[in-house]
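Both backbone and side-chain heavy atoms feed into the values below; hydrogens, waters and symmetry mates do not.
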Amino acid sequence: MPAVREVPADATPPHQPRHDWSRAEVEALFALPFTELVFRAAAVHRLRFDPAEVQVSTLLSIKTGGCPEDCGYCPQAQRYHTGVAASKLMDAADVVEKARQAKAAGASRFCMGAAWRSPKDRDIPKVVAMIREVKALGLETCATLGMLSGEQAAALRDAGLDYYNHNIDTDPGYYGDVIHTRGMQDRLDTLSHVRDAGMKTCCGGIVGMGESRSQRAGLLHTLATLPSHPDSVPINRLVQVEGTPLHGTAELDPFEFVRTIAVARVLMPASMVRLSAGRDTMPDELQALCFLAGANSIFHGEQLLTTGNPEAERDRALFERLGLRPMPLQASGHAATACDPGAAPGPRADRAPTAA
């Protein structure tokens, strides 16, 4: 294995995010001793955020299953036999009631996810109505609906959508091993439409899909060299669902997951770094290490799209044990000027916020 050059002590940007990270620099961060990497990430975190605050989002799957894509991790793909039944788009009144419940439980952001390759133009007015009513409750709004055209992105913005989630999933060099029905450029084009419309972006990926450490570095390098860093970076840990091609993949070392969180924090100091899918199987100690390494956002509630998520009471107890508190709405909106997606009843599964 070739030697990875040492990262200089002053390599961490103290104030301004960088967009010129090299792949070698990212790999060098991954190669640091674990305690050194976590220390650097924690230091960067404190320059931008209160380390005792965690932004809390709730996700709702407004349209589950029946997706024509072949993402190897996703139980919502209609071609896989995972027990996830296709459903129609929810009524706006039911969505708004779920949003009220989320706000009462302490969420500051409400995310709506639909298992579409891309929404049809006839679907947009229905989603627009949901966004407007959820926004009227005083919540931040987020959606993950698949690929968007520029016109669709503008319509969602005009409705008051704050964030749009569209993950790139993995390293560009590994992408074709996981997904064949659309390319990485399709995802980048949607992100461009979202940015051009003036909305904030939520974009991250999934780790533990059999990729190498170098490919995890490639995922984060791609995110950190976008024209602007994602406002939220969801890091999903693969939830293996029987019937999907990635079921049976060797589980990722928990310390490697924490490394991924820490490197994301160093590379994208102003972004929210979110613990997303897979959190229901993480012990409290692992979650605590992630918060120490710079994670400052979670999905709160019982479901993440079709995937289990820690119940609200467990989250409250964990926050109390760690001395953490939910980030206020105004603070989360301000910090992110500088988000992610859905939930519905159903079997455990991983539909990373693309949505997420």
Side-chain angles (χ1 to χ4, degrees), residues 55-67 74 76 84 86-105 107-148 152-167 190 194 197 199-204 231-232 234 236 274 276-277 297-307 309 329 332-333 339-346 349 351-356:
Q55 191 274 326
V56 178
S57 294
T58 292
L59 295 91
L60 177 70
S61 181
I62 61 174
K63 193 279 176 195
T64 303
C67 182
C74 184
Q76 300 203 67
V84 175
S87 69
K88 295 181 179 179
L89 187 66
M90 289 178 64
D91 290 334
D94 294 331
V95 173
V96 173
E97 178 56 31
K98 291 290 186 181
R100 286 196 185 95
Q101 295 171 11
K103 183 177 181 181
S108 61
R109 185 174 305 158
F110 190 74
C111 305
M112 293 160 276
W116 288 320
R117 172 179 169 81
S118 57
K120 294 180 173 62
D121 287 341
R122 67 171 182 265
D123 297 318
I124 295 296
K126 301 172 186 176
V127 177
V128 160
M130 295 175 189
I131 293 168
R132 286 179 174 153
E133 293 194 49
V134 171
K135 185 82 171 174
L137 297 176
L139 288 163
E140 291 180 321
T141 54
C142 178
T144 177
L145 313 171
M147 296 183 289
L148 294 181
Q152 290 173 334
L156 297 176
R157 174 207 61 208
D158 292 346
L161 188 66
D162 296 300
Y163 299 93
Y164 194 79
N165 167 265
H166 202 60
N167 289 340
T190 288
V194 171
M199 288 185 289
K200 299 172 184 176
T201 58
C202 299
C203 185
D231 302 289
S232 278
N236 298 273
R274 174 169 296 145
S276 296
S297 180
I298 63 168
F299 282 120
H300 180 80
E302 298 179 6
Q303 295 268 176
L304 177 56
L305 289 174
T306 54
T307 308
N309 203 41
L329 176 60
S332 67
C339 181
D340 145 350
R351 172 74 172 180
T354 289

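- When only modelled atom types and interatomic distance are considered, S108 and Q55 share a side-chain donor-acceptor pair under 3.5 Å.
- Qualifying side chain to side chain contact (heavy atoms under 4.5 Å, CB included) partners for K120, counting only residues two or more places apart in sequence or in other chains: R122, D123.
- For D94, the side chain to side chain contact (heavy atoms under 4.5 Å, CB included) criterion is met by M90, D91, not counting sequence neighbours.
- The side-chain heavy atoms of M130 and I62, taken from C-beta on, include a pair separated by under 4.5 Å.
- Using a 4.5 Å heavy-atom threshold, the side chains of Q101 and L60 count as separate.
- Inter-residue side-chain proximity for P119 and L148 is flagged as met; some heavy-atom pair is nearer than 4.5 Å.
- Counting heavy atoms from C-beta outward, N167 and P234 have side chains that approach closer than 4.5 Å.
- A side-chain donor-acceptor contact under 3.5 Å links S87 to the backbone of T64.
- Atom CE in M199 sits 10.0 Å away from atom SG in C142 (nearest 0.5 Å).
- Contact check for Q152 versus M147: no side-chain heavy atoms found under the 4.5 Å cut-off.
- Judged by distance alone, the side chain of K135 and the main-chain N or O of L137 form no donor-acceptor pair under 3.5 Å.
- Exactly one of I131, V96, T141, V134 qualifies for a side-chain contact (heavy atoms from CB on, under 4.5 Å) with F110. That residue is V134.
- The CD atom of E140 lies 6.0 Å from the NZ atom of K200; values are rounded to the nearest 0.5 Å.
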Are M112 and V95 close enough, and set up right, to give a side chain to side chain contact (heavy atoms under 4.5 Å, CB included), and what steps lead you there?
CA-CA 9 Å; M112 293 160 276; V95 173; 4.0 Å; yes

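- The two atoms that bring S276 and N236 nearest to each other are CB-OD1, 2.9 Å, heavy atoms only.
- Side-chain atoms of R274 and S57 include a donor-acceptor pair closer than 3.5 Å.
- Counting all heavy atoms, side chain and backbone alike, L139 lies closest to A99 at CD1-O, 3.6 Å.
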Test side chain to side chain contact (heavy atoms under 4.5 Å, CB included) on Y164 and L145 and set out the steps.
CA-CA 8 Å; Y164 194 79; L145 313 171; 3.3 Å; yes

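- Distance CG/D162 to CG/L156: 11.5 Å, rounded to 0.5 Å.
- Residues E97 and R100 meet the side-chain proximity criterion, which asks for heavy atoms closer than 4.5 Å.
- Atoms OG1 and NE2, on T144 and H166 in that order, are 7.5 Å from each other to the nearest 0.5 Å.
- Distance alone, capped at 3.5 Å, is enough to place a donor-acceptor pair between the D231 side chain and the T201 backbone.
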